[in-house]
Amino acid sequence: MHRYHAGERDRLAMLESIGAASVDELFATIPPEVRCGPLDLPPARSEEEVRREFWSYATKNAEPECFASFLGAGVYRHVVPSVADALIQRGEFFTAYTPYQPEVSQGTLQAIFEFQTYVCQLTELDVANASLYDGATAVVEAVLMAQRMLPARGRVVVAGALHPEFRAVLDTYAAPMGMSVTAVATGADGRVDAAGLAAALGPDVCAVVVQSPNFLGVIEDLPAIGAAAKSAGALAIHAVAEATSLGILAPGGRFGFDVVCGELQAFGIPPSFGGPHLGFFATRQDNLRQLPGRLCGQTVDTQGRRAFVLTLSTREQHIRRGRATSNICTNHGLIALFATIVLSLLGKRGVREVATASHSTAEYLKAGVRSLGSGVRLAFPDTPTYNEFLLLHDDPDGLLARLQSEGVLGGVSTTAFPGALPRGILVAATEKNSRQECDRLLDALRRLS
Amino acid sequence: MHRYHAGERDRLAMLESIGAASVDELFATIPPEVRCGPLDLPPARSEEEVRREFWSYATKNAEPECFASFLGAGVYRHVVPSVADALIQRGEFFTAYTPYQPEVSQGTLQAIFEFQTYVCQLTELDVANASLYDGATAVVEAVLMAQRMLPARGRVVVAGALHPEFRAVLDTYAAPMGMSVTAVATGADGRVDAAGLAAALGPDVCAVVVQSPNFLGVIEDLPAIGAAAKSAGALAIHAVAEATSLGILAPGGRFGFDVVCGELQAFGIPPSFGGPHLGFFATRQDNLRQLPGRLCGQTVDTQGRRAFVLTLSTREQHIRRGRATSNICTNHGLIALFATIVLSLLGKRGVREVATASHSTAEYLKAGVRSLGSGVRLAFPDTPTYNEFLLLHDDPDGLLARLQSEGVLGGVSTTAFPGALPRGILVAATEKNSRQECDRLLDALRRLS
Amino acid sequence: MSEKSLRERESLIFERSSGGRVGYQLPALEVPAADPAATIPSGLLRGEIDDLPEVSEVDVVRHFTRLSKWNYSVDEGLYPLGSCTMKYNPRINEELARLPGLAQVHPLQPVDQVQGALALMWQLEQALIAVTGMARVTLQPAAGAHGELAGMLMIRKALEARGERRKTVLIPDSAHGTNPASAVFAGFDVVEVASTAEGTLDLPAVARHLEGGDVAALMITVPNTLGVFEPDIVRAAAMLHDRGGYLYMDGANLNAFVGVAQPGKMGVDALHINLHKTFSTPHGGGGPGAGPVAVSAALVPHLPVPTVERVGDRFELSSDRPGTIGKVRGFYGNFGMLVRALAYIRSLGRDGLRRMADGAVLNANYVRKALEADYHLAYTGPSLHEVVFDDTAQAAAGIKNVDIAKRLLDYGFHPPTMSFPLIVHGALMIEPGESDGVEELDAFISAMKAIAREAREDPALLKGAPTTTPVSRLDEVRAARQPVLRWRRAP
Amino acid sequence: MSEKSLRERESLIFERSSGGRVGYQLPALEVPAADPAATIPSGLLRGEIDDLPEVSEVDVVRHFTRLSKWNYSVDEGLYPLGSCTMKYNPRINEELARLPGLAQVHPLQPVDQVQGALALMWQLEQALIAVTGMARVTLQPAAGAHGELAGMLMIRKALEARGERRKTVLIPDSAHGTNPASAVFAGFDVVEVASTAEGTLDLPAVARHLEGGDVAALMITVPNTLGVFEPDIVRAAAMLHDRGGYLYMDGANLNAFVGVAQPGKMGVDALHINLHKTFSTPHGGGGPGAGPVAVSAALVPHLPVPTVERVGDRFELSSDRPGTIGKVRGFYGNFGMLVRALAYIRSLGRDGLRRMADGAVLNANYVRKALEADYHLAYTGPSLHEVVFDDTAQAAAGIKNVDIAKRLLDYGFHPPTMSFPLIVHGALMIEPGESDGVEELDAFISAMKAIAREAREDPALLKGAPTTTPVSRLDEVRAARQPVLRWRRAP
Ligand SMILES: Cc1ncc(COP(=O)(O)O)c(C=O)c1O
Ligand SMILES: Cc1ncc(COP(=O)(O)O)c(C=O)c1O
């Protein structure tokens, strides 16, 4: 017998009670033509053997923690408090299902309520859901919501410097839903070109999506973009890929945006080769009935005690089916719990400190690059950035390879992405990058670029 | 303020309620001449910084898991089920105190009761305590118990191949207690020399201590030694350093030994540079009142429900003070829990399999050595061993260094120990050593010895 | 202050805030501190976020430890939630997913730096192909519903490639809510097909719909949401294929027949696999999961990009797939869950996976047999991995399925699924899974039997249940009518 | 079957056993299987151990998860157990102690292979020297009591080195039980010294004993077990030293004055430091701890071997110490706990350690002040880190300290220490520690006040307590009279 299953004694006793001669008998309804022989898989492995196999995968990856790493481009390496991972490993959290039975799920539910609150605080909006898959799908959900709210308008305008992954996923979803996507060119300063935006807007536009800081690291002029969207009657959507930026940057909520959504990975979620990360979605109270995904609300029990419960589920697929506000069911609950714990630990002071430290470190690098006088230069030397910036270089991949051989993961090459991005390297800095790491990068850039 | 402490607001409110102007005031009773200035220590470090410091310690050690490792000599590398470490990390277990309040400690208490049962099963004795510090102090406690029971006898006889660490600790404790220690020479077959034992015994001997498998890996003739001890009127003590051996070898309990005690580290406890490991102690029912350390017993609550409680504590220091059966207070509870979980997982089949696999692997190595015909040879080619054996070699340290450079930790050199041990290498094998690792060792020995 | 009130109530983390407490310390900033007011236009800045909490590390540990204690979980006992496949989540998988060489890998490192990650994904794809007998698998979707969408988008693409724009997707009325929702978000119109009296697919009805020529696909769950194998699945596939349609299989119930049968032999064109069900990645109180989609050769050209391709002994990420639907999410999938699923497959191996299905089916039939006398079976077809009772037998006493469920909480068990499948009114959908031994099932059965007795003899006990849980029944109407969805500082 | 009975009762693991279940799988044996019957004399072999359990992995996880839920722990709330210094156990320390480069290191690897481990031990020794102001520290002892023994053995050796064989050790009657026990196991005779009316050391009595010339040492706890600083400690040390004796300090209460004062300035010759108290290594439900002993220059020659020595930028293990007492345990100490303690010291740093003492003393005085009106203080000297009330005020109602303690369980708190110090009859020894914020202390205080009220108004509530715990009061007499100390298969 296998360690994950019950034993032979159980099997015999149960078959007897069922009145079946063998387990095979219980599969009698499955016709022979769909049956299969033994699976083409290796036999059961012990923990030791499984460990060996996975250690071998792990050692075939270059682990950023062993380098001075400046990788970002949507996935950031911030501090991870030890407590967060320890707590999510409590069986009560990670082996529970979606909290459909509130009487025995108050732990998960209260944590979701706290998560929703954090998202509202970060975004300065009224309501937030219990999580979505990731930043890309969160942006899609926002656009789909806009379409539902403005069904006569079939076009969405997106800033050119929207994360290419967000954009790609939006393209996948938009066409079948009968929507077209117009991108606004990025100006010479790395920001949305105001004239281009104005030109792109029109009465058929249901939403304007702008990411800030944008994919090139640049902080967008949210108030202006929000106002332009509003005056065109479209929903304004602020997409966030580097959520720690919200520690110092005002969110779209402050500027009348209808939705602030995106990715919370930056709050300590492991990169994990791209997932699971953490999509979030916040909007104004008015849009509540159109909100995609689960919501947890406060109520009382029969004895008047405060308690929490999943609510407003008439928006959801299990009730509304084909007319639901989204098809999402399983979301990213445990990662939302993780972020809730991280945000609780960071608290008022830490959320700000992470942002200022990351920003300061990036500014230090930018100053260093300015004085390098070598083969790299800042793409947008005069535009404010948060913790990431684009370095122009003709052969970014070659340069990165040379940096790597000196123990530096210098950033992400723009050649990895579709579209007409300037050739160069996106360099991201966080509070985890020591001054010494920064100096190593600058020194290597001076010599190798 | 520090993350481990409460905040400034608390401090002010509390001082006010106490009616003190400052915290310093509360220390007024400490005279100036014993006061100190700021401690000569670095300032508070963040998790990231602490991690960096400890990673640097870790990388300055050669990690046996990265080698083909045959280290043993009292500390063994057996399989460690993932579940065990996950469970002992539940805060309810590792942040609780000794279970003095049974109503809110049934978890710890029931686990101790199960631990005691496992020890009784492994040793074939009647009662076992809740753990001791380690194998060495367990042997000492056994000898001290013998002395209490036979106060007129001031000498203890130990087999020469008792683990040198056990022996050293015994020496430390024995003299102040007015006891002398006589060692019996090891015979040419690696076992206690029967004639030597007979000669050492006498009416002044309170205990005979024999380790099996002994420090040289050899299985002792427990029935004969037990009988000799008995006929001299002394307590027979079976010390165990490689507890997985009890999966196939009969314990002293079967042969009339009074005590079986020693070290349970082999059941998956991390080597951890020597501790914390897990001392155990089992004896016959008759000796119950003389047993050192804590005991957990079964009883009922006021509603007749089965429950567990620390019991027979009149033996212990907190009641009996200077006349206690031991001075131990804090023991190795969490490690005992770990072993309890490992033993539960291994169960009837696994406990035996670990032993047969370890034995088989060592036998494979011994056969390989026999056919090497090179510079190493088995010290005791004709005496049964369990999973460890002594390879004779003139320059064991040099040979080990050469093996290490090929990625093999070949074993433990006998030159590291005091006393007249034959020059050579103790080689230990467990179920974790693959055939390929064994072949690497044999091949390297052939070439390098 | 009442007894236990301290431990049974836990404030919101925001209410615990106390001035000057900190829960974390950052590494000392060694570079000059940049003043955002100098580097960023002030109109784009914000100040401190006032309502964020100030709590210490121990406050946080206690808060979430206490919260956790109000949850029920697989680690504590049977979790017979139908359709959810709650099974043991091995700890080794958690350990492996956290290996720094896996958890810390950035998705945009050059492929040379991530050969281990790609190898792992490739191995998982191969394993899922072995299990399903399908042509290829995309690991990208984040959950079952997401997989449904990806699958339906592929079907759409395939039709487009043939120059067709069919709009209709047939879905039995027993289907999970995500099926119609996903079809709609893929741009289709859903036509619901009523189930037969046996609760299975109405093949003649399907045939009638096919006549219109607009049917893009049939979405069907196998075994269906009653736990019954769809007897006509092969015929349905053939009929669809004859009429240029596709068969989408909801693979949420795959656990029932792994190693016994293969969707690849049933004529399925696409199915999602909830790794968080069949392959034991933890449900996490609501995810994350992973919903790989296995496809037939017909849909391979339309897989999302990138795919992992083996080239000699190297692995590559390929986006060279002209017919692709594109990407359905960022990067390559919920890699952390893929790690766990592959570890689970390796641990169980060929025979263990088959025995997993055996165990699931055995357990469900054991529970069915034991409770048949006490609870009504809406459909009596043979069960595979789950059995759906209803509350008909208790209706006379005014007892509803929810009352039975809540009373079960008092007996220390998580209840079955209730409001699903919709074709069973007052459903009690029980899926015990294969992890549990007979003693746990027996305890559950005794509880269910005791409740059946109580329903007859003392129904108020059920109506008033639960009484032993941290909170009693909630005012769900109030939650929805006066939504309070976030904390705000009391004015 | 009664409600909740399933979750509130958990069988013994042995009772869960079911034929054919396995909880673990070993790696495949690749070498030929040796038949022990062929390699080992049959008389020395055993067969399968019949009563070992057969359980699956999920059985084990559930078993110990359920058991854990019956415990109270620091992670859940205030644990005001006097003398035990229950404080927050940081998770980062658990993470670091498990680094493979630390946890997997074998103690008998050549020193070149373990430079990191030795560096860590050396750093911890330096840090403990900085805290105590003593000359050197041995990290070998496994716990406080073990440290006491090591310290007393060193004193014995020092006397021997001077050719003296003194037998008497003076110990105040307020001392912890391990003090006399350790002195006896070090071969001394204990003479108990009655405390003064203030509960402190009776200096004239010490002086009288010293006249005999046989006093090897005085063992004294600072601050003492009432939480009061010993006012005469410096004078006592001088008197002892004048007469050739030594001062052993029980350092269990060191938490009270770290960064404020140093034993090195008090004339202490040896003290143990319970790393599991002051330096937060987890208590683990009964250990493991670690009990390093810091010594004055006089005892340095007698330290246990080996010591860690720094030679240039290398570290060595040295056994070159002719006056050593030898070894008190295997290898070098509970290294895993040393890792945690050093991490704690690094995390708190210079100022954090001082603030730790501040917090402990502040919290104790806050609780004292708040409860003074409700509970009787046996000794009224100023408190440092703990305060000892007694049950005198409740005695009229027939209430004992144990009744108060058990009632506190119903309010969700762990009780104070009770049967210690022996000089306080009916003691309630409260040490809140520094981890808790004022709201947790206030909750505890309200509970204590409520109980004081109940003691007057409804004493039966206390006598019948606890009622909300997994079990009620136990029959401890039965446990001792009819000892059942292990499970046996029912015949
Ligand atoms: C039958 C069925 N289909 C689809 C789904 C949706 O899967 P997911 O929650 O992974 O999105 C579920 C989940 O409960 C299900 O039971
Ligand atoms: C004052 C005092 N001394 C000594 C000890 C013994 O320490 P340990 O339990 O670490 O052996 C204790 C432990 O409770 C104590 O409180």
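Bear in mind the structure is a predicted one, so any value in this text is a computation, not a measurement. Letters A, B, ... mirror the listed sequences (proteins, then strands); counts begin at 1.
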- Taking the side chain from A:Thr95 and the backbone from C:Asp75, do they hold a donor-acceptor pair closer than 3.5 Å? yes
- Query: Mind checking whether C:Phe331 and A:His277 have parallel, tilted or perpendicular rings, split at 30° and 60°?
  - Reply: perpendicular
- Query: Where the side chain of A:Thr98 meets the backbone of C:Gly285, is there a donor-acceptor pair that is under 3.5 Å apart?
  - Reply: no
- So, the side chain of A:Asp134 versus the backbone of C:Gly330: is there a donor-acceptor pair under 3.5 Å, distance only? yes
- Would you check if the side chain of C:His63 reaches a backbone N or O of A:Ser344 as a donor-acceptor pair within less than 3.5 Å? no
- Does a salt bridge link C:Lys265 with A:Glu33, judged by any charged N lying under 4.0 Å from a carboxylate O? no
- So, C:Asn71 side chain and A:Thr108 main chain: donor-acceptor pair closer than 3.5 Å or not? yes
- Hey, does the side chain of A:Asp40 reach the backbone of C:Ala130 with a donor-acceptor pair shorter than 3.5 angstrom? no
- Query: Please walk me through it: do A:Arg51 and C:Glu95 pass salt bridge (Lys or Arg N to Asp or Glu O under 4.0 Å)?
  - Reply: CA-CA 9 Å; A:Arg51 268 195 199 105; C:Glu95 175 189 323; 2.6 Å; yes
- Item | Carboxylate-amine/guanidinium contact A:Glu165 C:Arg329, below 4.0 Å | no
- Query: Heavy-atom count around C:Arg354 CZ within 6.0 Å, excluding the residue itself: above 12?
  - Reply: yes
- Message: So that I can tick it off, tell me whether C:Arg473 and A:Asp301 are bridged by a salt bridge, with the cut-off set at under 4.0 angstrom between side-chain N and carboxylate O.
- Response: no
- Could you tell me the separation between the OH atom of A:Tyr4 and the OG atom of C:Ser347, rounded to the nearest 0.5 Å? 3.5 Å
- Are a donor atom and an acceptor atom from the side chains of C:Ser68 and A:Arg90 found within less than 3.5 Å of each other? yes
- Task: Classify the side-chain pair A:His2/C:Asp351 by whether it contains a donor and acceptor separated by less than 3.5 Å.
- Result: no
- Validation row: A:Tyr97, C:Tyr79 side chains within 4.5 angstrom (heavy atoms): yes
- Message: Strictly below 4.0 Å, N to O, side chains only: are C:Lys69 and A:Glu92 in salt-bridge contact?
- Response: no
- Message: I need the residue from A:Ala401, A:Pro276, A:Gly322 with the largest number of non-hydrogen atom pairs under 4.5 Å to chain C.
- Response: A:Pro276
- Electrostatic pair A:Lys348:C:Glu54 at N-O distance under 4.0 angstrom: yes
- Query: Can you tell me if A:Gln106 and C:Glu10 form a side-chain donor-acceptor pair at under 3.5 Å?
  - Reply: no
- Query: Could you state the interatomic distance from CZ (A:Phe113) to CG (C:Leu12), rounded to the nearest 0.5 Å?
  - Reply: 6.0 Å
- Message: Set out, in order, the CA-CA distance, both residues' side-chain angles and the distance that settles side chain to side chain contact (heavy atoms under 4.5 Å, CB included) for A:Thr356 and C:Leu29, then state yes or no.
- Response: CA-CA 10 Å; A:Thr356 51; C:Leu29 186 65; over 6 Å; no
- Query: Quick one: CE on C:Met266 to CZ on A:Arg35, what's the gap to the nearest 0.5 Å?
  - Reply: 9.5 Å
- Heavy atoms from other residues, nucleotides or ligands near CZ of A:Arg323 exceed 12 (cutoff 6.0 Å): no
